[in-house]
Amino acid sequence: MKKWQIFKQGVLQELPLQLGVFPFGIIYGVMAIESGLTFLQALLMSSIIFGGASQIAFVQLLSNSTPYGVIVTTVGAINSRHLLYSISMVEYLNKLSLSWRVMLAYLLTDEAYAVSIRKFINHSDNSILHYHLLGSGITLFVSWQISTLFGVWLGNDLPEFLDLQFIIPLTFIAIIIPMIKSKSTLITVISSGITALIFKSLDINFWIILSGLTGILAGMASSRWDKKI
Amino acid sequence: MIWSLIILCGFITFLIRFIPLSGIISSDLPLSVKHSFKYIPLAVLTPIIVNDLSIIENKNFFLIENLKLYAALIAIIVSIIWNNVLATISIGMASFLIMSNI
């Protein structure tokens, strides 16, 4: 496969996920304007941070007059899962030039990672796989900027019956279900889900990371019983 | 001040994504660590799903009347049967809207 074909594959595989991303971007844009940000601040935050859930948390906290230190910590905590994504990409991207690694790190978000890591795992011998992440990442970036623009434009004119935020978990369900292919992956999902419920009900900070780590450990511990399901 | 806050958050977010790729972490990672990578997306995305389904509200469990939970279960079944992103999202969303308006 040529570089542009892999790039195109990344774009095409990322496109269906935009059904979930686009409404999310609109929600962010609407909330950003409601929180008191200017048009330019709301719009450029999507390029500067480029992290959906953390941007929504940012504007939610800002509208509640939360101290800035708490906002920064929250954004960092929400995006800390990207550290795990990046670690899992090291073996595929570590031979690239610094400029490539900087660009791909910037584009390494939930949906781009979810699409490209499957490609990387299944074709690890291919040396131009990074074009796949470039394709998925740029697609997500463009979609996120356009949807933010729509949201900022719409402002408060969104119909109330549309609970667009629900599209986010549906998108993630569509991503992870096909990845459950063995007992250990199933145990990872169940254990991280249950511990997330426990940690959240106990109001423990960084519960997303803690339950994620629990899921990873449970998956590794149970891998000896692996049999495809 | 808001601009500084946005730029600082952007810088921190970029560092989180870039540090492992910067070369500080060795590429010769132990096999057990490499083995754990396949569990990362599942282990991190599942808690986000759990959170977005509002199962915990004000530290209490919200299950019986939680329409998002039912719609998510429908979406899971659709995903298992068809393994199609568009079908999973659209049928899950349609189920939720229908149940919300009954």
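Letters A, B, ... mirror the listed sequences (proteins, then strands); counts begin at 1.
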- Query: Are A/Leu170 and B/Thr88 close enough, and set up right, to give a side chain to side chain contact (heavy atoms under 4.5 Å, CB included), and what steps lead you there?
  - Reply: CA-CA 7 Å; A/Leu170 291 175; B/Thr88 306; 5.6 Å; no

- Message: I'd like to know whether A/Phe166 forms a side chain to side chain contact (heavy atoms under 4.5 Å, CB included) with B/Leu97, so could you lay out the CA-CA distance, the side-chain angles of the two residues, the decisive distance to 0.1 Å, and finally the verdict.
- Response: CA-CA 10 Å; A/Phe166 185 53; B/Leu97 288 175; over 6 Å; no

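The residue among A/Gly212, A/Gly215, A/Gly76 with the most heavy atom pairs within less than 4.5 Å of chain B is A/Gly212. Ranked by heavy-atom pairs shorter than 4.5 Å toward chain B, the options A/Leu37, A/Leu40, A/Leu107 are led by A/Leu40. Counting heavy-atom pairs under 4.5 Å between each of B/Asn84, B/Ile80, B/Ile76 and chain A puts B/Ile76 at the top. Your options are B/Ile2, B/Thr46, B/Val78, B/Leu21, and the one with the most heavy-atom pairs under 4.5 Å with chain A is B/Leu21. Of all the listed residues (A/Ser47, A/Ser201, A/Pro16, A/Ala218), the one sharing the greatest number of non-hydrogen pairs under 4.5 Å with chain B is A/Ser201. The residue among A/Val102, A/Asp110, A/Ile121 with the most heavy atom pairs within less than 4.5 Å of chain B is A/Val102. Here A/Gln41 is the residue among A/Met220, A/Gln41, A/Met45, A/Lys200 with the most heavy-atom pairs under 4.5 Å with chain B.
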Side-chain donor-acceptor distances from residues 10-20 of chain B under 3.5 Å, at least two apart:
{"from": "B/Thr13", "atom 1": "OG1", "to": "A/Asn79", "atom 2": "ND2", "distance (Å)": "2.9"}
{"from": "B/Thr13", "atom 1": "OG1", "to": "B/Cys9", "atom 2": "O", "distance (Å)": "2.8"}
{"from": "B/Arg17", "atom 1": "NE", "to": "A/His82", "atom 2": "ND1", "distance (Å)": "3.1"}
{"from": "B/Arg17", "atom 1": "NE", "to": "A/Leu108", "atom 2": "O", "distance (Å)": "3.3"}
{"from": "B/Arg17", "atom 1": "NH1", "to": "A/Phe50", "atom 2": "O", "distance (Å)": "3.4"}
{"from": "B/Arg17", "atom 1": "NH1", "to": "A/Tyr106", "atom 2": "O", "distance (Å)": "3.1"}
{"from": "B/Arg17", "atom 1": "NH2", "to": "A/Phe50", "atom 2": "O", "distance (Å)": "2.7"}
{"from": "B/Arg17", "atom 1": "NH2", "to": "A/His82", "atom 2": "ND1", "distance (Å)": "3.4"}

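With a 4.5 Å cut-off on non-hydrogen atoms, A/Leu62 touches chain B through its side chain but not through its backbone. Looking at B/Leu8, the atoms closer than 4.5 Å to chain A (heavy atoms on both sides) all sit in the side chain, from C-beta outward. At a 4.5 Å heavy-atom cutoff, A/Leu96 makes no contact with chain B through either its backbone or its side chain.
Taking 4.5 Å as the limit, some side-chain heavy atom of A/Ile176 sits within range of a side-chain heavy atom of B/Ile49. Considering only heavy atoms from C-beta on, A/Leu44 stays 4.5 Å or farther from B/Ile6 through its side chain.
Here the straight-line distance linking atom CD1 of B/Ile77 with atom CD1 of A/Ile173 works out to 11.0 Å at 0.5 Å rounding. With rounding to the nearest 0.5 angstrom, the CD1 atom of A/Ile177 is 10.0 Å from the CG atom of B/Asn83. A distance of 11.5 Å separates CG in B/Leu53 from CZ in A/Phe172, rounded to the nearest 0.5 Å. Taken to the nearest 0.5 Å, the CG atom of A/Leu61 stands 10.0 Å off from the CG atom of B/Leu5. Atom CH2 of B/Trp3 is separated from atom CD1 of A/Ile48 by 5.5 Å, given to the nearest 0.5 angstrom.
Contact detail for A/Ile216 and B/Ala43: the closest heavy-atom pair is CG1-CB, 3.6 Å. Contact detail for B/Tyr39 and A/Thr188: the closest heavy-atom pair is CD2-OG1, 3.1 Å.
Applying the 6.0 Å contact sphere to CD1 of B/Ile64 captures no more than 12 heavy atoms from other residues, nucleotides or ligands.
Residue-level contacts of residues 189-197 of chain A with chain B, in order of numbering, are A/Val189, A/Ser192, A/Gly193, A/Ala196, A/Leu197; threshold 4.5 Å between heavy atoms.
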